[in-house]
2 protein chains.
Amino acid sequence: MDTTQRTDQQRSADRRRRELLEAADRVVLRDGPHASMNAIAAEAGITKPILYRHFGDKGGLYAALAKRHTDALLDSLRAALDAPAERRERVEATLDTYLAAIEARPQVYRFLMHPAEGGQSADQGFDVGQHSAPLLRRMGEELAQVIEDRLDLGPGSQLLARVWGHGIVGMMYAAGDWWLGERPCERGELVRSMADLLWGRLAAAGDKVGGPGF
Amino acid sequence: MDTTQRTDQQRSADRRRRELLEAADRVVLRDGPHASMNAIAAEAGITKPILYRHFGDKGGLYAALAKRHTDALLDSLRAALDAPAERRERVEATLDTYLAAIEARPQVYRFLMHPAEGGQSADQGFDVGQHSAPLLRRMGEELAQVIEDRLDLGPGSQLLARVWGHGIVGMMYAAGDWWLGERPCERGELVRSMADLLWGRLAAAGDKVGGPGF
DNA sequence: ACGTGCATGTTACTAGCGGTAACCCGAGTC
DNA sequence: GACTCGGGTTACCGCTAGTAACATGCACGT
């Protein structure tokens, strides 16, 4: 096997792949998560079978596409999480970073959270597991790792960290989604409210007069 | 218009509708969220156009189906939330009820969280809003109402309650989904870990030795 | 008794999707 | 010049959601 030849080919293929991904990106941003393979191929100036040669199937293309955006988002989240500041400030910065991202590019967000179900081949056998968006899982695991690394949680810390990682990410997700739809307040206010929740204000709050508390 | 006649017709139509929904239920439970209209019609012993006459389109059928399950789940959650006990106990009971539900019937859960995207007619115009599952939204609003009714949160209580409602529901969702996929622990342990998070243990935890805390 | 609505049901179709087989062509190689 | 081989296309398959048009049976008014 000719090694340099092989690398040349691979480089060319990789360039093509990136071009195709960029075209796909444009289409998904324009048409939403239901962008068809035909449309993507047309945008890239080619026809379907090439896409299939490069990405296997629609799920493969969408996975590749999602990976880019997910990586980018995770990078900025890591940056916010690693900043030199108090814990509460970091938490707020991370929440704010996430919200700013979904606010700035809602279509990307929508695509990442709803990878269009990926056809029926993927879930034949009905595994149930991993039904939620890969982005959520990855964010959850990442946050869990940080929590476990940095916090002293005593026995059972690993499990606790993972539960919290996924839980906090879910909180961010659901509250963010609701906020994005209704825009009931400024971003900062939402951030503060969520941080308050994480800081135990739910447990500390007093009952309202007139009945047993929640 | 003959009123009794009309009610008779309506009652008959309603009965039929319920039968069809039950058939659809069986198919969705068996085949997952991608159950086709053909399959549902076959299970009901009829053919497609009847389904379309009753439910308009696939989204309508799925919405009707989801509403039943969502109502049922929300009823049991309300029961847990309204039990006469301490706040922490109630929170744990509610979390446990939710987790027990998704554990007992994962296919239903999967269906409720991923209503198969509902075709492209629904999101033409690309609203972005309300992208997450209706079940999440409804649970969030419901919980928000309870929080607002029962807790004394001072100024801005309404916004705070809604953020927390959606946030807690999201936490439950993501952690539950992860747990269902990996089964890393008993249900009770997950419940306790989440309650700990809500009770402020994240803020209270000490830094690990060797660096600035999270 | 007889049409006339009207709900219920069917067959047969369209349009579009994901995915694939088969062919096609130009560039490099012996 | 024949020969392979990567990049590309056309034309198709099977499946889906959704619909139009046709059939059937039961209640009604006259």
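So that the names make sense, note that chain A is the first sequence line, chain B the second, and so on, each numbered from 1.
Spacing between atom CZ of B/F55 and atom C1' of D/dA17 amounts to 16 Å, rounded to whole angstrom units. One interatomic measurement links the two molecules: CG of A/L51 to C1' of C/dT20, which rounds to 14 Å at whole-angstrom precision. At whole-Å resolution of the value, CD1 in A/I40 and P in C/dC17 are 11 Å apart. As a whole-Å value, the separation of A/H54 NE2 from D/dG8 C1' is 11 Å. Remark: P of D/dT16 and NE2 of A/H34 are 18 Å apart, rounded to the nearest angstrom. Going from atom CG of A/L20 over to atom C1' of D/dG7 covers 11 Å, rounded to whole Å. Note: NZ (B/K48) to P (C/dT14) measures 13 Å, nearest angstrom. Distance B/M37 CE to D/dA17 P: 7 Å, rounded to the nearest Å.
Looking at A/V163 and B/W179, their side chains never come closer than 4.5 Å, going by heavy atoms from C-beta outward.
Across its full length, the helix from C/dA1-D/dT30 to C/dC30-D/dG1 shows an angle of 30° between the axes of its 5 terminal pairs at either end, rounded to 10 degrees.
For the OP1/OP2 pair of C/dG9 and a distance below 4.0 Å, the side-chain nitrogens and oxygens of B/R16 include at least one atom meeting the criterion. Between D/dG8 and A/T47, no contact under 4.0 Å exists linking OP1 or OP2 to a side-chain N or O.
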I'd like a table of donor-acceptor pairs (distance under 3.5 Å, sequence neighbours excluded) in which one partner is a side-chain atom from residues 39-53 of chain A, with atom names and distances.
from	atom 1	to	atom 2	distance (Å)
A/E43	OE1	A/R30	NH2	3.0
A/E43	OE2	A/R26	NH1	2.5

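Closest to the A/I50 side chain, of the nucleotides C/dG18, C/dT11, D/dG8, is D/dG8. In this structure, the nucleotide among D/dA17, D/dG8, C/dG19 sitting nearest to the side chain of B/S36 is D/dA17. Of all nucleotides listed (C/dT10, C/dC17, C/dA22), C/dT10 comes nearest to the side chain of B/I46. Candidate nucleotides C/dG19, D/dG18, D/dA20 were compared by shortest atom distance to the side chain of A/Y52, and C/dG19 ranks first.
A salt bridge links B/R88 to B/D196: one of the charged nitrogens lies within less than 4.0 Å of a carboxylate oxygen. Of the charged side-chain nitrogens involved, at least one lies within less than 4.0 Å of a carboxylate oxygen, so that A/E19 and A/R16 count as a salt-bridged pair. With salt bridges taken as basic N to acidic carboxylate O contacts below 4.0 Å, none links A/D25 and A/R18. Remark: A/R192 does not engage A/E186 in a salt bridge, criterion side-chain N to carboxylate O under 4.0 Å.
Sequence order on DNA chain C of the closest nucleotides to A/G56 and B/R53 puts B/R53 first from the 5' end.
Relative to the six-membered ring of B/W164, B/R162 misses at least one condition, a distance below 6.0 Å or an angle of at most 45° to the axis.
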